[in-house]
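Chain A is the first sequence line, chain B the second, and so forth, proteins listed ahead of strands; every chain is numbered from 1.
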Amino acid sequence: MAKLTKLDDIVSLCKRRGFIFQSSEIYGGLASCYDYGPLGVELKNNVKKAWWKNVVQIRDDVVGLDCSILMHPMVWKASGHADKFADLIAECKKCNTRTRVDHLKDKDADQAAEHTEHVDIDAAQAQSHDLTGKVCPKCGVVGQFTEPMPFKLMFETQMGANIDDSMTMHLRPETAQGIFANFRNVLDTARVKIPFGIAQIGKSFRNEVTTKAFIFRTREFEQAELEFFCEPGTDDEWFEHWKEARFNWYLDHGIKKENLRFREHDADELAHYAKGCVDVEYKFPFGSGDWQELEGVANRTDFDLRQHQRGMRTLNKWYESDGDISKIELADEAEEYFKGPLSYFDDQQKRRYIPYVIEPSAGIDRSALAFLVDAYDEEEVRGETRNLLRFHPALAPVKVAVFPLVKKEGMPEIARNICNDFKKYFNAFYDQKGAIGRRYRRQDEAGTPYCITIDGQTLEDKTVTLRDRDSMEQTRIPTDQLLTQIREKLGM
RNA sequence: GCGGGCGUAGCUCAGUGGUAGAGCGUCACGUUGCCAACGUGAAUGUCGUGAGUUCAAAUCUCAUCGCCCGCUCCA
């Protein structure tokens, strides 16, 4: 089997077949933004559907949620994003390498630069940074840096029509906080008991320093996140559960085993809230065949709910500060925080606690890209190259294509009727144009698992040809069994 | 942000100062009748964008936008 090695081939296929286009292309394009075309939106929706089905619908212990992208500014104060979602960066005047100021080493220091949190941008800017003794990690030149400049990672926007009294808001950098903010609501209304999870799929926005590789890292992207709440002490167990469950989800939907792996985070690269974190990585065909993150599974402990309890206690300060979160400090944690408003009462054990949270957080766009790349194949058929996408049926944009062999003898009418029947249950596509072989190959490149052809024999014995995408094999099926058999093959 | 490469039809690309092209794809008609077939015909271009040089710019110069590769960055 021919192996795809270049991202360019994927980009070109995506354009040619209407999976993914550059955003605002007629105006020269907008960096890092992409649009999903007719086939692409089906694929992406199917990825989301498959995730939702697996994480929410087939389970008894997970419910769904769909939160707004704009949230109360205090959410980001409490979560730590407002303070920490920014970097100070300085640039080496010699080689133009940009480095986080807090990562720069003294020229005499022998230890490696430590991984540190993002810094409070106002505080960091207020202090003076003496970079004269710092070494450029690239070229080794000492003390030749520009003034540190802030790098804001959250998108800002204004809320309120009147510019004078509008409020600066942030587009959410993750969907997770909407879930934490609704923990109480779901608990009170959904008749759930710990352990249980709340899932959400939606857009998030991060002003990344650098975007990368087609739709792999974009500033606007879609996440599928689950916050699974469990009793402290059972968190390691649930962490393992979700780690396995999420890994298998990719395999079950067609990702080849050799292209998927786990990568444990080292202690020093863990986020401020996490006790443990493992990435599910896919071997993408960009870079030097680099493994890249598809999804992170993290143990967020009780950090977020405790922070929001502090946030709730800070609300008065927020009003007093006239809505400027940079001017306020988060209230201290209550002594008996575990009995606070976001605590959980365990009726069996008769005790209150703040649950721990296991968070599988997947990137929908990069997953869709991985499914695309992994499904792509080229093979030699009678001296010609056949391009195809071996999508799992659940992810395939079109499930079945229906063709009349020729445009006469009533074949188009029969084919149309069959196609319309199919459409009630799944996405089907009718095509009567051109040679039959060409129509098959077109569907191969769209990843359609099955093609049905109405031919001369159909008129005689009411059977049709079923053609398999992967093997190109053909079998005859009686018309009256067609829908049942197809639905069984597709699993839908 | 740096360095390198690139940008001409939907795709792949040719075109080094003088009338914008090819292959594939798309569409129509005919033919064929199960794997990118054949014939005839057709449509499709801000040559990424903007300035400059020139009698004349896809071609030379500058700026800018976008993409890819490598750095850097990635809570």
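Residue A/R386 places no side-chain atom within donor-acceptor reach of the base of B/C35, judged by atom type and a 3.5 Å distance cut-off alone. If you check distances only, the side chain of A/K407 never reaches the base of B/G33 with a donor-acceptor pair under 3.5 Å. In this model, no side-chain donor or acceptor of A/Y27 finds a partner on the base of B/C65 within 3.5 Å. Evaluation of atom-type donor-acceptor distances gives no pair under 3.5 Å for the side chain of A/S12 against the base of B/C11.
Here B/U31 presents its C1' atom at 14 Å from CD of A/E409, a figure rounded to the nearest Å. Rounded to whole Å, the distance from CG on A/L389 to P on B/A36 is 19 Å. Counting to the nearest Å, the P atom of B/C35 and the CD1 atom of A/I452 are 17 Å from each other. One can place CG of A/D455 at 17 Å from P of B/U32, the figure rounded to the nearest angstrom. Taking atom NZ on A/K15 and atom P on B/G66, their separation rounds to 16 Å, with Å as the unit. Between the CZ atom of A/R17 and the P atom of B/U12 there is a distance of 13 Å, rounded to whole Å. We find that CG of A/D431 is positioned 20 Å from P of B/G33, with the value rounded to whole Å. Residue A/Q22 contributes atom CD, which lies 15 Å from atom P of B/G10 at whole-angstrom precision.
Base contact: A/A435 has a heavy atom under 4.0 Å from a base atom. Residue A/Y34 is classed as a sugar-phosphate contact, given heavy-atom separations below 4.0 Å to backbone atoms only. Within the nucleic acid shown, A/I436 comes within 4.0 Å of sugar-phosphate atoms alone, with no base atom in reach, counting heavy atoms only. No engagement by A/I454 is indicated, since no non-hydrogen atom pair under 4.0 Å with the nucleic acid exists. Across all strands shown, A/S79 has no heavy atoms under 4.0 Å from either base or sugar-phosphate atoms. Using a 4.0 Å heavy-atom cutoff across all strands shown, A/D444 reaches no nucleic acid atom at all.
Residues A/E378 and A/T385 bring no donor and acceptor atom of their side chains to less than 3.5 Å of each other. At a cut-off of 3.5 Å, with distance as the only test, a side-chain donor of A/D461 or A/T463 sits close to an acceptor on the other residue. Using a 3.5 Å distance cut-off with no hydrogens or angles, the side chains of A/E156 and A/T168 do not pair a donor with an acceptor.
Checked for salt-bridge contact, A/K399 and A/E42 miss the test: no charged N lies under 4.0 Å from a carboxylate O. Using a 4.0 Å cut-off between charged nitrogen and carboxylate oxygen, A/R300 and A/E359 count as a salt-bridge pair. Salt bridge status for A/E222 with A/K48: present, with a side-chain N to carboxylate O gap under 4.0 Å.
A 3.5 Å limit on both hydrogen-bonding distances identifies B/G1 as the Watson-Crick or G-U partner of B/C71. B/G66 is paired with B/C6 under the criterion used here, namely a Watson-Crick or G-U wobble arrangement in which both key atom distances are under 3.5 Å. Of all nucleotides present, only B/G18 satisfies the Watson-Crick or G-U wobble test against B/C55, with each distance under 3.5 Å. Base pairing of B/C29 is made with B/G39, judged by Watson-Crick or G-U wobble geometry with both donor-acceptor distances under 3.5 Å. Base pairing of B/C34: no nucleotide in any strand meets the Watson-Crick or G-U wobble criterion (both distances under 3.5 Å).
You'll find that the side chain of A/R217 is closest to B/C74, out of B/G33, B/C74, B/C27. Out of B/A36, B/C11, B/C67, the shortest distance to the side chain of A/R441 is found at B/A36.
Of the two residues near RNA chain B, A/R16 and A/F214, the one whose nearest nucleotide lies more 5' is A/R16.
Rounded to a whole angstrom, the distance from the P atom of B/G50 to that of B/G66 is 16 Å.
Going from atom CG of A/L342 over to atom CZ of A/F183 covers 7.0 Å, rounded to the nearest 0.5 Å.
A sub-4.0 Å separation between OP1 or OP2 of B/C34 and a side-chain N or O of A/R438 is absent.
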